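Data first, discussion second: the structure below is written as structure tokens.
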Amino acid sequence: MAGEAPELSAQERAGRAFPVSWDQFHRDCRALTWRLNEVGPFHAVIAITRGGLVPAAIVARELGVRVIDTVCIASYDHDKQGELQVLKGISEQAMKLGGGTGKGLLIVDDLVDTGKTGRLVREMLPDAHFATVYAKPKGRPLVDTFITEVSQDTWIFFPWDTALSYHPPLRDGAA
Ligand SMILES: O=P(O)(O)OC[C@H]1O[C@H](OP(=O)(O)OP(=O)(O)O)[C@H](O)[C@@H]1O
Ligand SMILES: O=c1[nH]c(=O)c2nc[nH]c2[nH]1
Ligand SMILES: [Mg+2]
């Protein structure tokens, strides 16, 4: 309707930007693995797709875990969160490895923000260990192990979602 302010996306509401390079992400995943190594061993890694796939690959490689499963959840359409949809659940085989409750399983995601995604997966695997690379305050209580906390009003830009581009000089009004 005319005159109505357009709804702001989560990214626009965030205000602050936290861009992460591939190098930085790899280092942060390795740091996460150092911590997880003290908690394991784990029978399998469960990646929350799609964002959890990259950290899950790095963490599984470092921990020597070769059984990797996915739980496929869609919520953000680019940067607006809608209803959570489970597109694919955890496999029967992985469920069995976790004794039905997730014991000895490691859930990996790139971040927790509101915590909605993490909460849903925790309900599926209440005894699993939940690790993310980054955490915002609202989602933080859900995570067992993470590396870096950023403020709730920060939007994290991951390397697989971004590309190098020209940035105008500060004197020309660049932020
Ligand atoms: O704590 P929450 O507020 O639930 O947000 C965190 C989730 O949001 C992002 O996934 P997204 O739904 O954007 O899908 P993607 O992993 O396929 O990019 C991110 O990878 C987490 O899974
Ligand atoms: O790329 C992303 N950055 C974020 O900060 C975020 N929060 C939820 N979903 C997100 N995706
Ligand atoms: Mg995700």
Side-chain angles (χ1 to χ4, degrees), residues 8-42 44-63 65 68-87 90 98 101-162:
L8 290 180
S9 68
Q11 186 179 318
E12 285 160 339
R13 277 198 311 273
R16 289 167 206 247
F18 182 73
V20 181
S21 68
W22 283 111
D23 269 8
Q24 182 65 47
F25 194 74
H26 197 179
R27 266 196 299 276
D28 288 342
C29 288
R30 282 215 171 113
L32 182 65
T33 318
W34 275 103
R35 292 195 184 160
L36 293 171
N37 202 28
E38 319 225 307
V39 185
F42 298 104
V45 168
I46 314 292
I48 305 180
T49 75
R50 296 160 301 180
L53 286 168
V54 182
I58 298 167
V59 165
R61 187 267 177 188
E62 297 298 336
L63 292 178
V65 176
I68 300 169
D69 194 15
T70 55
V71 52
C72 305
I73 299 185
S75 68
Y76 287 82
D77 177 12
H78 176 38
D79 54 12
K80 280 198 180 68
Q81 192 168 31
E83 283 298 301
L84 296 192
Q85 281 184 71
V86 180
L87 304 173
I90 297 148
T101 62
K103 199 163 171 48
L105 301 187
L106 174 65
I107 306 165
V108 175
D109 206 350
D110 51 359
L111 78 127
V112 272
D113 187 322
T114 63
K116 281 189 194 169
T117 307
R119 189 169 296 114
L120 185 65
V121 181
R122 288 222 83 140
E123 281 166 10
M124 298 174 188
L125 298 170
D127 292 335
H129 191 93
F130 183 31
T132 64
V133 188
Y134 306 112
K136 299 188 193 180
K138 275 193 196 162
R140 191 187 151 162
L142 287 160
V143 186
D144 296 306
T145 308
F146 70 95
I147 288 300
T148 302
E149 180 166 355
V150 300
S151 64
Q152 200 65 42
D153 66 351
T154 295
W155 191 261
I156 302 169
F157 287 92
F158 290 101
W160 51 87
D161 283 334
T162 53

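Note that this is a predicted model, so its numbers are computed, not measured. Numbers for residues simply follow the sequence, beginning at 1.
Taking the ring pair (Phe, Tyr, Trp, His ring centres under 6.0 Å) definition, one finds that W160 meets it with W22, F25, F158, sequence neighbours left out. The side-chain contact (heavy atoms from CB on, under 4.5 Å) check on I147 picks up D28, A31, L32, R35, with sequence neighbours excluded. By the side chain to side chain donor-acceptor pair (under 3.5 Å) test, T33 is found to be paired with no residue, residues two or more places apart in sequence or in another chain being considered. T101 is linked by a side chain to side chain donor-acceptor pair (under 3.5 Å) to D127, counting only residues two or more places apart in sequence or in another chain. Looking at residues two or more places apart in sequence or on another chain, you find a side chain to side chain donor-acceptor pair (under 3.5 Å) between R30 and E62. Residues passing the side-chain contact (heavy atoms from CB on, under 4.5 Å) test with P41, sequence neighbours excluded: none. The side-chain contact (heavy atoms from CB on, under 4.5 Å) test applied to E123 returns R119, L120, not counting sequence neighbours. In this view, R50 satisfies the side chain to side chain donor-acceptor pair (under 3.5 Å) rule with no residue, not counting sequence neighbours. When the salt bridge (Lys or Arg N to Asp or Glu O under 4.0 Å) test is applied to D110, no partner is found at least two apart in sequence or on another chain. Scored by the salt bridge (Lys or Arg N to Asp or Glu O under 4.0 Å) test, R27 finds no partners at all (sequence neighbours excluded). Every side-chain contact (heavy atoms from CB on, under 4.5 Å) that D144 has, sequence neighbours left out, goes to R122, H129, F130. Every residue was checked against the salt bridge (Lys or Arg N to Asp or Glu O under 4.0 Å) condition with D161, not counting sequence neighbours, and none meets it.
Atoms CD1 and CG, from I46 and D109 in turn, are 12.5 Å apart once rounded to the nearest 0.5 Å. D69 CG to T49 OG1: the interatomic distance, rounded to the nearest 0.5 Å, is 10.5 Å. The line from CD of E38 to OG1 of T145 is 10.0 Å long, rounded to the nearest 0.5 Å. Distance check: L142 CG to K116 NZ gives 12.5 Å after rounding to the nearest 0.5 Å. I107 contributes atom CD1, which lies 10.0 Å from atom CZ of F42 (distance to the nearest 0.5 angstrom). For the atom pair I90 CD1 and L105 CG, the distance stands at 8.0 Å (nearest 0.5 Å).
Looking at every heavy atom in both residues, S151 comes nearest to P137 through C-CD, 4.0 Å. Here the closest heavy-atom approach between residue A74 and residue L87 is recorded as CB-CD1, 4.0 Å. Minimum heavy-atom separation, G52 to A47: O-CB, 3.8 Å. Across every non-hydrogen atom of A56 and V45, the tightest pair is CB-CG1, 3.9 Å.
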Which is it for Q152 and D113 under the side chain to side chain contact (heavy atoms under 4.5 Å, CB included) test, yes or no, and what are the steps along the way? CA-CA 7 Å; Q152 200 65 42; D113 187 322; 3.0 Å; yes

Is there a side chain to side chain contact (heavy atoms under 4.5 Å, CB included) between K136 and V150? Walk through the geometry before answering. CA-CA 5 Å; K136 299 188 193 180; V150 300; 3.8 Å; yes

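Using a 4.5 Å heavy-atom threshold, the side chains of L63 and N37 count as touching. At a threshold of 4.5 Å between non-hydrogen side-chain atoms, the residues V143 and Y134 do not count as touching. Side-chain contact between V86 and M124 is present, with heavy atoms from C-beta onward closer than 4.5 Å. For the pair V65 and L106, the minimum side-chain heavy-atom distance is 4.5 Å or more.
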